[in-house]
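Worth saying up front: this structure is predicted, and the values here are computed from it rather than measured. All chains are named by letter (A, B, ...) in the order of the sequence lines, taking the proteins before the strands, and each is independently numbered beginning at 1.
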Amino acid sequence: GAGVSQTPSNKVTEKGKYVELRCDPISGHTALYWYRQSLGQGPEFLIYFQGTGAADDSGLPNDRFFAVRPEGSVSTLKIQRTERGDSAVYLCASSLTIPGQGEHEQFFGPGTRLTVL
Amino acid sequence: AQTVTQSQPEMSVQEAETVTLSCTYDTSESNYYLFWYKQPPSRQMILVIRQEAYKQQNATENRFSVNFQKAAKSFSLKISDSQLGDTAMYFCAFANQGGKLIFGQGTELSVKP
C-alpha cells in the first residue's frame with residue numbers, strides 16, 4: 001500500500017514569503033506528526049494531530065508556524081513571513097495507534113526540503 | 001525534559017563485521033519506548049528496531065539487536081554482518097505516552113567494502 005507522501009519534495013522561496021507544505025498520511029492512520037530536521041541534526045518535533053485536532057503543538061517555534069488537518073487525513077503546515085532560519089527538511093509521520101496503545105510505530109514520509117533565500 | 005544523546009558523530013565498519021552504535025537518554029518516566037531509525041541519503045526515515053521499556057528482553061530484528069540497560073539509561077544498537085546497504089545516518093529516539101519522538105543527533109555509519 002501507499003506510504004506517507006509529502007509535497008512538494010523541494011521548495012525554494014524568498015525571505016518574507018508564505019509557504020504551505022502538504023502531508024498525505026497512510027490511509028486510516030489517525031495520528032499525524034510534523035518534525036523539522038535542520039542540516040546535520042536529528043528531527044525536532046513540531047506538532048501532533050489526533051484526528052482533526054492538534055493534541056500537542058508545543059514544538060511550533062513561533063506564531064509564524066501553523067498546521068491544520070481539517071478532515072482528519074491530509075495535513076498542511078503553513079509558514080508565514082519565512083526567514084532564512086526556517087530552511088530545513090520538514091518531515092511528516094503517521095501512526096495507526098494513539099500513544100500508549102499498541103506498538104505505536106510512526107511511518108515517515110520523504111520530507112520537503114525548504115530553502116529560504 | 002527528556003533528552004537523547006548519541007556521542008559518536010561518525011562510525012565506520014568493514015563489510016561483514018559487527019558494529020555497535022551508542023545511545024543514552026534521560027527521563028524520569030517509567031514507561032516509554034525507544035527506537036533506532038535509519039535515514040539513507042534519500043531522507044526516508046526507516047524504523048530499524050523498537051524496544052518497550054517494560055520489557056526486559058532485548059529486541060532483535062534479523063542482523064540488528066539492542067542492548068537495553070534501563071538503570072543506566074543506555075540503548076545501543078548492534079549491527080552484525082554489516083552490509084553496504086547499511087550505510088546511512090542512524091538516529092536513536094525516545095517516546096513517552098505522549099507519542100512524540102525525541103531524537104538524538106545521529107551517527108553517520110559508513111560500511112566499507
Per-residue contacts, residues 60-73 of chain A versus chain B, heavy atoms under 4.5 Å: none

Cluster question for you: counting only ILVMFWY and a side-chain heavy-atom cut-off of under 4.5 Å, with indirect links fine, are [X] and [Y] together?
| X | Y | result |
| --- | --- | --- |
| V4(B) | L109(B) | yes |
| I79(A) | F49(A) | yes |
| V48(B) | V4(A) | no |
| V89(A) | V116(A) | no |
| V66(B) | Y25(B) | yes |

Side-chain heavy atoms of [X] within contact of [Y], under 4.5 Å:
| X | Y | value |
| --- | --- | --- |
| Q39(B) | P43(A) | no |
| Q37(A) | F91(B) | yes |
| F45(A) | L101(B) | no |

[X] portion near chain B, given a 4.5 angstrom heavy-atom threshold:
| X | value |
| --- | --- |
| E44(A) | neither |
| F107(A) | neither |
| I47(A) | neither |
| T112(A) | backbone |

Take atom [atom1] of [X] as the centre, draw a 6.0 Å sphere, and report whether it contains more than 12 heavy atoms from other residues, nucleotides or ligands.
| X | atom1 | result |
| --- | --- | --- |
| K78(B) | NZ | no |
| N62(B) | CG | no |
| L39(A) | CG | no |

Heavy-atom contact with chain A under 4.5 Å, split by part of Q6(B): neither

Exercise: identify the closest heavy-atom pair between Q106(A) and K100(B): NE2-CA, 4.5 Å

Pair F108(A) + Y37(B): ring centers closer than 6.0 Å: yes

Distance (rounded to the nearest 0.5 Å) between Q41(A) CD and Q105(B) CD: 7.0 Å

F94(B): partners by ring pair (Phe, Tyr, Trp, His ring centres under 6.0 Å), with sequence neighbours left out: Y32(B)

For chain B, the option from S58(A), G59(A), S9(A), A93(A) that forms the most heavy-atom pairs under 4.5 Å: S9(A)

Derivation of the side chain to side chain contact (heavy atoms under 4.5 Å, CB included) call for R113(A) and R43(B): CA-CA 10 Å; R113(A) 182 180 299 280; R43(B) 296 200 309 245; 3.6 Å; yes

